[in-house]
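Worth knowing before you read on, the calculation uses all heavy atoms, side chains too, and leaves out hydrogens, waters and symmetry mates.
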Amino acid sequence: MKKNLLIIIALWALSMISNAQMIEKEIKYNDPNEPKSIGIVLYSNDVETIYNAMRLAIYSQEWDNQVSIFLLGKGVELEGLVQENADIKAQVESFVELGGTIMGCQTCFQSRKQSESKICKVSCIQDLYDLVKKNQIVLTF
């Protein structure tokens with residue numbers, strides 16, 4: 001009986017240690033002072049949405065995070081919005097100056113009869129897959 005009780009106590013203690021280690025890892029993972037890699041999939045052509053996504057991307061870079069943006073669907077229309085909207089243009093320029101990467105879906109560009117881009121690297125589905133797979137955090141806008 002005592003042996004069974006000791007085994008139960010030992011197993012309980014091990015589970016508590018394991019839980020404490022998991023909690024510690026979660027806290028460390030969420031530590032805002034520890035740099036992360038962040039991928040942003042931007043599929044909107046809404047000016048306010050793009051502006052706020054870019055603000056977050058720039059802010060994240062200022063905290064030493066690596067940020068990559070993939071333009072998908074309507075997101076590739078960012079190209080035209082940069083030419084029309086000074087605020088969006090300033091945000092994109094700041095993002096790139098801080099070392100950010102912008103990629104755009106080749107198929108989405110083609111469906112809009114655009115063959116090249118001045119603000120991003122025309123990319124393929126493999127690049128989107130890599131962004132999702134390699135980044136610790138992936139956000140969509």
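In this structure, F95 is a member of the same hydrophobic cluster as L42, with clusters built from ILVMFWY side-chain heavy atoms closer than 4.5 Å. Note on V122: it clusters hydrophobically with V96, by side-chain heavy-atom contacts below 4.5 Å among ILVMFWY residues. At a threshold of 4.5 Å between side-chain heavy atoms, the hydrophobic network of Ile, Leu, Val, Met, Phe, Trp and Tyr places I69 and L128 in two separate groups. Hydrophobic clustering (side-chain heavy atoms under 4.5 Å, transitive across Ile, Leu, Val, Met, Phe, Trp, Tyr) keeps Y51 apart from V41. Residues Y129 and I137 are members of separate hydrophobic clusters, defined by side-chain heavy-atom contacts under 4.5 angstrom among Ile, Leu, Val, Met, Phe, Trp and Tyr.
The heavy-atom pair separating A53 from I40 by the smallest distance is O-CD1, 4.2 Å. Contact detail for C105 and C108: the closest heavy-atom pair is SG-SG, 3.0 Å. Pairing each heavy atom of L71 with each of C120, the nearest pair is CD1-SG, 4.1 Å. A pairwise comparison of heavy atoms in V92 and I102 identifies CG1-CD1, 4.0 Å as the closest pair. The two residues V82 and K89 make their nearest non-hydrogen contact at O-CB, 3.4 Å. Contact between I58 and S94 at its shortest, heavy atoms only, is CD1-CB, 3.7 Å.
In this structure, K121 and D127 have side chains that are in contact, with non-hydrogen atoms separated by less than 4.5 Å. Between F141 and N52 there is no side-chain heavy-atom pair separated by less than 4.5 Å. Counting heavy atoms from C-beta on, the side chains of L56 and L139 come closer than 4.5 Å.
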Worksheet entry | Worked check of side-chain contact (heavy atoms from CB on, under 4.5 Å) between S37 and Q136 | CA-CA 5 Å; S37 60; Q136 294 170 307; 3.8 Å; yes
Discussion item. Show, in sequence, the C-alpha distance, side-chain angles and deciding distance for K74 and R112, and conclude whether the side-chain contact (heavy atoms from CB on, under 4.5 Å) test is met.
Written reply: CA-CA 9 Å; K74 294 177 184 177; R112 286 162 178 77; 3.7 Å; yes
Practice prompt. Could you please spell out the steps behind the side-chain contact (heavy atoms from CB on, under 4.5 Å) verdict for I88 and M54?
Written response: CA-CA 8 Å; I88 298 289; M54 295 306 300; 5.7 Å; no
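Interatomic distance, CG of L78 versus CD1 of I50, reported as 5.0 Å (0.5 Å rounding). Atom CG of N85 is separated from atom CD of Q91 by 9.5 Å, given to the nearest 0.5 angstrom. Atom CE of M103 sits about 12.5 Å away from atom CD1 of I119, to the nearest 0.5 Å. Summarising the geometry, atom OG belonging to S123 is positioned 9.5 Å from atom CG belonging to L131; distances are rounded to the nearest 0.5 Å. The OH atom of Y43 sits 14.5 Å away from the CD atom of E77 when rounded to the nearest 0.5 Å. Taking CZ from F70 and CG from L72, the interatomic distance works out to 6.0 Å, rounded to the nearest 0.5 Å.
The number of heavy-atom neighbours closer than 6.0 Å to CD of E62, taken from other residues, nucleotides and ligands shown, is above 12. Annotation for Q66: atom CD does not count as buried by contact number, only 12 or fewer foreign heavy atoms lying within 6.0 Å.
Remark: R55 engages no residue in a salt bridge (Lys or Arg N to Asp or Glu O under 4.0 Å) (not counting sequence neighbours). Every residue meeting the side-chain hydrogen bond (donor to acceptor under 3.5 Å, both in side chains) condition with Q126, not counting sequence neighbours, appears here in chain and number order: D130.
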